[in-house]
Amino acid sequence: ADIISTVEFNCSGDLLATGDKGGRVVIFQREQETKSRPLSRGEYNVYSTFQSHEPEFDYLKSLEIEEKINKIRWLPQQNAAHFLLSTNDKTIKLWKISERDKRAEGYNLKDEDGRLREPFRVTELRVPTLKPMDLMVEASPRRTFANAHTYHINSISVNSDYATYLSADDLRINLWHLEVTNRSFNIVDIKPANMEELTEVITAAEFHPHECNTFVYSSSKGTIRLCDMRSAALCDRHSKFFEEPEDPSSRSFFSEIISSISDVKFSHSGRYMMTRDYLSVKVWDLNMENRPVETYQVHEYLRSKLCSLYENDCIFDKFECCWNGPDSTIMTGSYNNFFRTFERNAHRDTTLEASRESSKPRAILKPRKVCTTGKRKKDEITVDSLDFNKKILHTAWHPSENIIAVAATNNLYLFQEKVN
Amino acid sequence: PLGTGAFTEETGQEKQDAQEKGRAVPPERAEEAKLKAKYPNLGQKPGGSDFLMKRLQKGQKYFDSGDYNMAKAKMKNKQLPSAGPDKNLVTGDHIPTPQDLPQRKSSLVTSKLAG
């Protein structure tokens, strides 16, 4: 199995899509509760697998274009078929996933296996009939949105109008209509006239969940800009600018790097947004631009390891974050296959581990603890023994239930709340 | 009131230790000093142009499309189970043709032609 690069539940939570480094998409479907197998409720099984993107070669720049799937976003379901957008660095594709459980039998000119019938055998005209068949799930590419990004696409986001979506690369954000592939509108362009003056790049972008004119994008300098598409065709001027003032005395070589925002997510309510930087997760109230309303330390003990984390490039790891359905809990990943959840109202945080050794199927996860002082208690892990190759960058929370998907390198873990 | 969220026990402990020591160097600064000691030529602006430019141009560079396709072919060959090496050995019987010669040992995928 390849390294998982994105995880996303669909709007109902019945389907879970994963994208990997090899350009493949695997979709899991939740099993329905049945009387004969009551324990199987909540289990996700493979529903469809397809190759979304292939590696390409950019002839102009002599650069390889990776097939790695950077993001998957589902469209709201409007008929029996499911649609999702998947993107690599350069091209976005709309895929249709549909079920087929009937097939036509009794053709006049072909046999059941497809061979042409001998003309003299065709003695009567018959009408083909539909017969049931084993369920087949087909994925077919419906649209390809290409050639609109000079730089590498980091985000896609479907608008609440269900007709448009945005795609963001390091310097530009484009607006597309789902039906139109030969044209997209550029709505943000932060490329300086002189590239020597480049000071920041776009790291993530998302549409507001209810207001179809509003979107945000985050930067490598730790700032978030909220833009309103009604104000101008080109939203280079933001409507709101979110930045936490920095304490100048604590500034160091690493300050800007660890302040770079790797993910931004609106709450389901649309009132808040959450940002993830290297060491923390911050919750912002859209009505207050000068500082976040909540800050959660994910792994503060890494602050005294920044030198080695810079040397092994881990300081550039891009962690994602997510909200639960009611927006009461947020989740993000860390190293050593640890992931963290923060209950906002209860002021409680938990560290859990996603690994085969630490948990058996259906067993309750044991909370983990990292020891930062000299005395290590039993079951605690010291900072130095953390495995920095085991990083949990991608996590997803079911839209309405307490089921979470955690990608640990090339393994996908699904955890659910224990129901008595 | 606006809460600042949960701090884990560990962080609280570390802060206390620092305060107890009095004039302790903040951990970030100590790390910065370590880095500068190791790499004295490190640029002053970590988030500056060079660093961002490198980020904009991520991806493996090849000399041209031929170079790229050769590298891909080598990757495929590496993954195929290798036939017995003896098959390809030609010694002195007849003048070898290119097909008879043992395959060149596949080099690393990274192209040496590209800068």
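The sequence lines fix the lettering, A, B, ..., with proteins before strands; numbering per chain opens at 1.
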> Side chains of B:E28 and A:S250: closer than 4.5 Å at any heavy-atom pair?
Replying inline: no
> Are B:L35 and A:F254 close enough that some pair of their side-chain heavy atoms sits under 4.5 Å apart?
Replying inline: yes
So which heavy atom on [X] is nearest to which on [Y], and how close?
| X | Y | result |
| --- | --- | --- |
| B:Y68 | A:P55 | OH-CB, 3.8 Å |
| A:K318 | B:R55 | CE-NH2, 3.5 Å |
| B:K34 | A:C307 | CB-SG, 3.8 Å |
| A:S304 | B:E31 | O-OE2, 2.7 Å |

Answer with side chain, backbone, both or neither: which region of [X] has an atom nearer than 4.5 Å to a non-hydrogen atom of chain B?
| X | value |
| --- | --- |
| A:R303 | both |
| A:I258 | side chain |
| A:I65 | neither |
| A:D89 | side chain |
| A:E66 | side chain |
| A:S255 | both |

>> I'd like to verify something: which residue of A:L171, A:V283, A:D169, A:D170 has the highest number of heavy-atom pairs under 4.5 Å with chain B?
In response: A:D170
> Stepwise, does the side-chain contact (heavy atoms from CB on, under 4.5 Å) test hold for A:M195 with B:L56?
Replying inline: CA-CA 11 Å; A:M195 284 298 268; B:L56 288 182; 3.5 Å; yes
> Would you say the side-chain atoms of A:E311 and B:Y39 include a donor-acceptor pair closer than 3.5 Å?
Replying inline: yes
>> How about CZ on A:R368, more than 12 heavy atoms from neighbouring residues, nucleotides or ligands closer than 6.0 Å, or not?
In response: yes
